[in-house]
Amino acid sequence: MLDELPQYFDSLQIEKEVSEYWERENIMQLSFAVNRGKRRFSFVEGPPTANGPPHIGHAETRAMKDLFLRYKTMKGFYIDPRIAGWDCHGLPVEIEVEKKLGIKNKAEIEKLGVSKFNALCKESVFEYVKIWAEASKRLGFWVDYDRAYITMKDEYIESEWWALKELYKKGLLFKDFRISPYCPRCGTTLSAHEVSQGYKEVDDFSIYVKFKITGKDEYFLVWTTTPWTLPANEYLAVNPNFNYLLVNYKGEKIWVVEERAKIVLKKYEILDSKPGSFFVGTKYEQLIPILRVNTGLYVVAGDFVTKEDGSGIVHQAPAFGADDYAVLKKEKGELYVTVDEAGKISLESPWKGLDVQTASDRIIEYLNERGQMIKTEKTSHSYPFCWRCDTRLIFYPVESWFIGVSMVKEKVVEYNQRVNWKPDYIRDGRFGNFLDEGKDWALSRNRFWGTPLPVWTCKNNHVFVPGSKKELLDNSTYVPENFELHRPKVDEVKVKCQECDSEMIREPYPIDTWFDSGSAFFAQYHYPFENQELFNENSPVDFITEAMDQTRGWFYALHVISSLLFDRNAYKNVVVMEFVLNSKGEKMSKSRGDQVDPLQIMDRIGTDSLRLFFFQGPPWKPKRFSEEVSVEFSRKLLGTIYNSYLLFSTNARLDNWRPKKEKLVSDLDKWMLNRTKECISSVTKHMDEYDPHLALDDIKDLVLDLSQWYLRLSRDTFWSKDVTDAKKSSYFVAYETLNSITKMLAPFTPFFSEYLFMKLNGAKSVHLSEFPAEEEFDSSVIEEMNLVKEIVESGRRIRQKNGLILRRPVKEIVVTDPKYGRVMKKFSGLIKKELNTKDIFAADLKSYLRQEHLLDKKSTGRIFGKDLAAAEAEFGRSENQLEFKKSGRVTVLGKTITNENVDTKEHLDERFVSDDTSDLRILINKEFDKKLYLEGLAREMVRRIQSMRKDANMDYTDRIYLRIEGDESLMEAFSSFKEYILSSTQAEEKSSVGGSDKVWDISGLELKISIEKVAP
RNA sequence: GGGGCCGUAGCUUAGAUUGGUUAGAGCACCCGGCUGAUAACCGGGAGGUCGUCGGUCCAAAUCCGAUCGGCCCCA
């Protein structure tokens, strides 16, 4: 206990020792078990895809997770499971493998064989897991890596199958079309992320064509940039709230939205005007009469119609646009697909077999020939290209399975209100807005590596959804060898249809990987096949945290799945973190080359420093990363604690003091202990409310109070010769405060805290100890000390401003408010020492003000005329002043002076100096008498002797011989304060001294000091 | 293009829900002190038009509107 420390703080060395110790003693596992059987706190790890090394943002979220797991453990909660998780499926993994194989599209994968491809994916997933686990451990992120949940395991997938079957039973899992960005060359849809990588600026023809209204000699003006979609036209859309004009344009009657008429047609004559709603249901003639359209060919209303470009009348080809498809669903029309999967026209027409770009050109010619074209123009706009093969993307209908979020939107929205979001504006802002859109979740993917969709269909469109492996196998007619829940094995399983006896085959899709990670809150238990009770005890999950981008990713997936399956929210508290930016406040990026490797940073500045950087400021505020700032901050905080421990422990060890409760002696001790309790209570509150940055601020403040105030003022007590009660009391308080700080800091800086905790207590681990308990405290004690601090600060300021250096004692200091009398008395020793004053007391300001009465020149000028100066002098005489003060009137030069002729000013007594910049007024008596003067000189001498001792490299226990020669008053000071001077400097007076000497100038007085070390 | 968050001293930040003394800390800086925490410790000082503009109000960092900059999400 109270072990020695190296003299200098070396955080890297500490971290090294501590992590070796944890490893050796298996402290992490011990901490997992320490609260077994106690109340639970639940957590789920948002599983990363370990197909690349972790970056600093990952380190930040993991540090934040760890912070609260450690805190809750210290607060006595049992966190089980407390395990890592790995997200294994999905496109990122596939792309990684494609890169390795040097292949680029689905066809090549199929050629290689799905079996081989998926085997490579499976391998690739774990390539970086080792690095991730290593970095996470290095960061001190304590979760069980050996028991990690793995989304590609059959058990995990089986839990998802159960969930999907439940959704199917509720009618929430169904097949539909989705209009997706699609690369005709790769034969695949692209994710939003991929699309956003490939936008380019292109010049395209856009055309205006005319659609004839059935039975009338009027036309709709329609604009499009994709002429190849015109053969598939099924509807026209207008905005019901816009106003449309019928104009005579070159002899033809044409409808166009009012605001665009001038821009598009330039010259025309207005014939009529109608609101958009007027046209809804109006039939029109097919522009290109080739496709047989059984439904449609009438006008619909659409809010998506704008006046920004075009004609305000929008052509709808439901197969090739998301808005268009939504219209089709609403109108319950048929879907006509006029293009094949390779992006070639498939419709029996003059353009069959042409790619869509060429077809567009031909269609423009065709429309021109038929006189249906009003106008052609070239416009520049950004359009998505395939990021892999640079092919122009098209929007294309892809068969897809959906989760019907829109059908139960109310639930999803309602349960969100039960979630405590940090920061809270996410709930109704970014997250709430997204939920309000209530979009269906497109679940299936046209890919290979993922959780297989558990759906088998037969030729009669009957559907079988197995909710477990067993249910599938029980119904199967064929199962391949080495069967597993991945493609291609799972595809080979054949099932007999219960309804029509025909053979059922699997829908060939894997599902969205967000469904994997979003199922973690039950699938990590293999629920409901196992661990039902454990799941129930831990649900909803108490705490999760990830970065902001997960609002529409993991946070969304968890919330939706839980709402639909369990009719409740998945999590209770969620901390949403912002990103780590570079030192200029920009996003770190590969291209700028300013991405930083968290492992390297930890090597350079230490883990605790990096963690402290993350915990500064609210988690939901972007942070600019700088190594220098991190180091500085940690050196300041941890270094101060380290030095405080050194000061305290060095003395306590000399006295053989061992940590134990002692009776409190001084008011300073009582204050420190109350401050500590106050801090504990505030830190606990802030941690419980998920405001870690405020908790850290509380701890910082306490460290300053300990170091800057308590320890500094307790040094005299520490240095007293005997082990007095006062000494024991202050040891106890210093220990107690340091120990509390160490424990409170343990979740923030686990390495440093562990180190210091072991030094303080000789106990096994701070992470097996309890968080300091909240106790009642006396806030009046704290307020009193704040007043004392204020007085000391103010006193020093006044001394400094008036050239009254602290070394010279002053006679008295007055606090000009009598109500502080009791406090001044209580802390008079402390204040006297800090301000070097002989006396301190509180008194009414009035008794230190002198009133001066002056003649009011305006009124008395008329009375005295040119004698005014003489009258002023006469009135200023003290007997006249006194008389006036007593009776309010006095006779001056034969005239009577009354209140009306007098101005009264108040002056501070000349003997005092003050400072009126603060609320609390303090007066310092600046008068010096001889004794004070000599005492000041004595202190000046001591200071110079000490300085010479230091220059001679003496140890503070070394004794010296001393000889003083100099000015008379210096000699007088020396003899008057001889005992003080000699004892302060470990000196003996000697008439001849052989060591070093030096001549000093003390306020103009010459002093020669000679010192010599006494031989031991 | 739509939505959201942020902007306080050179740096890191508190204060915004509930408008109200002189916008509070820490680091760095300058001046000084201490010399038994010394690679430490302490005091004082300077440093802020609270991004900008406008509005509401007796009163705005705080509420409202616009605008600029940074970041994120969606299209």
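Remember, predicted model here, so these are calculated numbers, not experimental data. Within every chain, numbering begins at 1; the chains are lettered A, B, ... in the order of the sequence lines, protein sequences first and strands thereafter.
- Within 4.0 Å of A:Arg715, counting heavy atoms only, lies at least one base atom of the nucleic acid.
- When each of A:Arg939 and A:Arg430 is assigned the nucleotide of RNA chain B bearing its nearest heavy atom, the one mapping closer to the 5' terminus is A:Arg939.
- The closest donor-acceptor contact from the side chain of A:Thr545 to the backbone of A:Val575 lies under 3.5 Å.
- Between the CG atom in A:Leu835 and the CG atom in A:Leu804 there is a gap of 11.0 Å [rounded to 0.5 Å].
- Residue A:Phe434 is out of contact with every strand shown, counting any heavy-atom pair closer than 4.0 Å.
- Cation-pi geometry between A:Lys759 and A:Tyr755 is satisfied (NZ or CZ under 6.0 Å from the ring centre, within 45° of the ring normal).
- Atom CD1 of A:Ile699 is separated from atom C1' of B:A14 by 16 Å (rounded to the nearest Å).
- Looking at heavy-atom distances under 4.0 Å, A:Arg552 makes contact with sugar-phosphate atoms alone, never a base.
- Atom-to-atom distance recorded for A:Trp1000:CH2 and A:Lys998:NZ is 3.5 Å, nearest 0.5 angstrom.
- Nucleic acid contact for A:Gln800: base, since at least one base atom lies under 4.0 Å from a heavy atom of the residue.
- Within the 4.0 angstrom heavy-atom criterion, base atoms lie near A:Gln986.
- A donor-acceptor contact shorter than 3.5 Å is absent between the side chain of A:Glu546 and the backbone of A:Gln550.
- Here, B:C27 and B:A9 have their C1' atoms 12 Å apart, quoted to the whole Å.
- One finds no side-chain N or O of A:Arg796 lying less than 4.0 angstrom from the OP1 or OP2 phosphate oxygen of B:C42.
- For the C1' atoms, the distance linking B:U17 with B:C11 amounts to 29 Å, nearest Å.
- For B:U18, there is no paired base (Watson-Crick or G-U wobble, both distances below 3.5 Å).
- The base-pairing partner of B:U67, taking Watson-Crick or G-U wobble contacts with both distances under 3.5 Å, is B:G51.
- Across all strands, A:Arg799 comes closer than 4.0 Å to no nucleic acid atom at all (heavy-atom distances).
- At B:U38, one or more side-chain N or O atoms of A:Gln7 fall inside 4.0 Å of OP1 or OP2 (strictly under the cut-off).
- Of the two residues near RNA chain B, A:Gly639 and A:Lys439, the one whose nearest nucleotide lies more 5' is A:Gly639.
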Residues A:Arg653, A:Asp3; criterion salt bridge (charged side-chain N to carboxylate O under 4.0 Å, His left out); working and verdict
CA-CA 8 Å; A:Arg653 215 167 28 248; A:Asp3 295 335; over 6 Å; no

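- If you check every strand for non-hydrogen atoms under 4.0 Å, A:Ile426 touches nothing.
- In this structure, CZ of A:Phe625 is placed 13 Å from P of B:U13, rounded to the nearest angstrom.
- Spacing of P atoms, B:C64 relative to B:G20, comes out at 15 Å, to the nearest Å.
- A:Asn643 comes within contact range of at least one nucleobase, with a heavy-atom separation under 4.0 Å.
- The nearest whole Å value for the distance from the CG atom in A:Asp701 to the C1' atom in B:U12 is 14 Å.
- Here the side chain of A:Asp549 is nearest to one of B:G44, B:U12, B:C73, namely B:C73.
- Among the protein residues, A:Ser707 comes within range of the nucleic acid bases, having at least one heavy atom under 4.0 Å from a base atom.
- Picking from B:A37, B:C72, B:G26 the nucleotide with the shortest atom distance to the side chain of A:Leu711 gives B:A37.
- Counting any heavy atom pair closer than 4.0 Å across all strands shown, A:Tyr8 reaches a base atom.
- Across all strands shown, A:Pro618 has heavy atoms under 4.0 Å from sugar-phosphate atoms exclusively, and none from any base.
- Whole-Å rounding puts the A:Asp428 CG to B:C73 C1' distance at 17 Å.
- Pair assignment for B:A25 gives B:U12, based on Watson-Crick or G-U wobble hydrogen-bonding distances that are each under 3.5 Å.
- For A:Phe718 and A:Tyr731, the gap between ring centers is short of 6.0 Å.
- With C1' as the reference atom, B:C41 and B:A59 are 44 Å apart, rounded to whole Å.
- Of the side-chain N and O atoms in A:Arg807, one or more sit less than 4.0 angstrom from OP1 or OP2 of B:C34.
- Within 4.0 Å (heavy atoms only), A:Glu628 reaches no atom of the nucleic acid at all.
- Here B:A37 is the nucleotide among B:G4, B:A37, B:C34 with the atom lying nearest to any side-chain atom of A:Arg712.
- One atom, CG of A:Leu647, and another, C1' of B:U38, lie 12 Å apart when rounded to the nearest Å.
- Distance noted for atom C1' between B:G44 and B:A60: 32 Å (whole Å).
- Going from the C1' atom of B:G24 to that of B:A61 covers 13 Å, rounded to whole Å.
- Contact annotation: A:Lys636 does not reach the phosphate of B:G26 (side-chain N/O to OP1 or OP2, under 4.0 Å).
- With B:G44, B:A40, B:U12 as the choices, the nucleotide that has an atom nearest any side-chain atom of A:Arg635 turns out to be B:A40.
- Not less than 6.0 angstrom separates the ring centroid of A:Tyr690 from the ring centroid of A:Trp620.
- For the pair A:Leu696 CG and B:U13 C1', the computed distance is 11 Å after rounding to whole Å.
- What separates NZ of A:Lys621 from C1' of B:G7 is a distance of 8 Å, to the nearest Å.
- Comparing the same atom, P, in B:U22 and in B:U67 gives a spacing of 34 Å after rounding to whole Å.
- Here the straight-line distance linking atom CG of A:Leu2 with atom OH of A:Tyr645 works out to 5.0 Å at 0.5 Å rounding.
- B:A66 sits 25 Å from B:G15 when the C1' atoms are compared, rounded to a whole Å.
- Note: CD (A:Gln708) to P (B:A37) measures 16 Å, nearest angstrom.
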